[in-house]
Amino acid sequence: MILGISTPQNFPPPLSEDEEQDYFRKMKNCGDENAREKLILHNLRLVAHIVRKYYASSKCSEDLVSVGTIGLVKAVDSFNPTNGARFATYGAKCIQNEILMYFRSQKKLAGEVSINDTIDFDREGNPLTYIDVISSEESISEEVDRKLRSAQALRYVENLLHGREKKIIVLRFGLSGGEPLTQREVAALLGISRSYVSRIEKSALEKLRAAFGE
C-alpha cells in the first residue's frame with residue numbers, strides 16, 4: 001500500500017508542527033490507527049528526499065524507497081514526542097539505518113562485509129561505501145532539521161511581522177532569495193537611518209525568538 005509510492009506528485013503535503021504533534025498524541029494516547037497512517041503518509045517526502053539526494057543513480061532506487069519507508073514506519077511507531085527531539089531528525093536516522101541494513105543484507109549474500117565495501121554509487125558516479133553512509137547519517141538529519149526550521153522561520157516572518165519589520169528582516173537575511181544586506185545598505189534602500197533599522201530589526205528578532213521559544 002504505502003511501499004509502492006515513489007513519485008513526488010503522489011506524496012501528501014507535509015504536516016504542520018501542530019498537526020504532527022496532535023497526530024502523535026492521538027496515536028500514543030488513544031491508539032488511533034488513522035493518526036498513525038497520517039504520520040506515515042505525510043512524511044513519505046522524507047524518504048524520497050534521502051533516496052533522491054544520496055542514491056539518485058542507484059539502479060534499485062524504487063527498492064530503496066520501499067526499504068526507507070519501512071524505516072519511516074518504525075520511526076513513527078518508536079518516536080517519543082515528549083523527548084524534545086524533532087521527528088524529522090529522528091525519522092531521517094531510522095530511514096538511513098534501514099537502508100544501510102538492506103545493503104548489508106545484500107552484501108552478506110555475496111560473502112564477508114567490510115565497512116570499506118562499495119555498496120552503491122552517488123549521482124556523480126563516485127563509489128559509496130558503508131562508512132560513507134554511516135558518517136552521513138548526522139549530516140542528513142541536520143540538513144532536514146535545518147530546512148524545517150528555515151521554513152518555520154519564514155512562516156513566522158510572514159505571519160508575525162508587518163510593514164517595515166518584515167521588509168527589514170527579509171532584506172537583512174536575504175529571505176527573498178537575494179544577498180543579505182548590511183544595516184547601512186538597508187537604511188539607504190528604505191531612506192531611514194541605520195540606527196532606526198537597528199531598532200526595528202532588534203524588535204522583530206525578539207518577536208521571532210519568542211515564537212520559536214513557544
- Between the side chain of D22 and the main-chain N/O of D18, is any donor-acceptor distance below 3.5 Å? no

- Message: Using every non-hydrogen atom in the two residues, find where I40 and L72 come nearest and quote the distance to one decimal.
- Response: O-CD2, 3.4 Å

- Atom CD1 of I200 and atom NZ of K202: how far apart are they, to the nearest 0.5 Å? 13.5 Å

- Task: Indicate the atoms forming the closest heavy-atom contact of R45 with P12, along with that distance.
- Result: NE-O, 3.1 Å

- Rounded to the nearest 0.5 Å, the OH atom of Y23 sits from the CG atom of L15 at a distance of 6.5 Å

- Point-to-point distance, once rounded to the nearest 0.5 Å, from CG of L100 to CD1 of I95: 13.5 Å

- Passing candidate, side chain to side chain contact (heavy atoms under 4.5 Å, CB included) with L39, options E20, E19, K26: E20

- Taking S203 for the side chain and R199 for the main chain, is one N or O donor matched with an acceptor at less than 3.5 Å? no

- Item | Nearest atoms (heavy-atom pairs only) where F24 meets V76 | CE2-O, 3.7 Å

- Item | Salt-bridge contact R36-D77 (side-chain N to carboxylate O under 4.0 Å) | yes

- Message: Grouping I, L, V, M, F, W and Y whenever their side-chain heavy atoms are under 4.5 Å apart, do M101 and I70 come out in a common cluster?
- Response: no

- Query: Do N97 and K74 touch side chain to side chain, with heavy atoms closer than 4.5 Å?
  - Reply: no

- Query: Can you find a pair of side-chain heavy atoms, one from I99 and one from V51, that are under 4.5 Å apart?
  - Reply: yes

- Query: Do the side chain of K28 and the main chain of F79 share a donor and acceptor less than 3.5 angstrom apart?
  - Reply: yes

- Message: Could you report the tightest heavy-atom contact between L161 and E165, atom names first, then the distance?
- Response: CD2-OE1, 3.8 Å

- In Å, rounded to the nearest 0.5 Å, how long is the span from CD of E33 to NZ of K38? 14.0 Å

- CD/E37 to NE2/H42 distance, rounded to the nearest 0.5 angstrom? 9.5 Å

- Message: Please report the interatomic distance NZ(K207) to CG(N159), rounded to the nearest 0.5 Å.
- Response: 12.5 Å

- Query: Are any non-hydrogen side-chain atoms of V186 and Y196 less than 4.5 angstrom apart?
  - Reply: no

- I169 and E201, any side-chain heavy atoms less than 4.5 Å apart: yes

- Task: Measure across A75 and G91 and return the closest heavy-atom pair with its distance rounded to 0.1 Å.
- Result: CB-CA, 3.8 Å

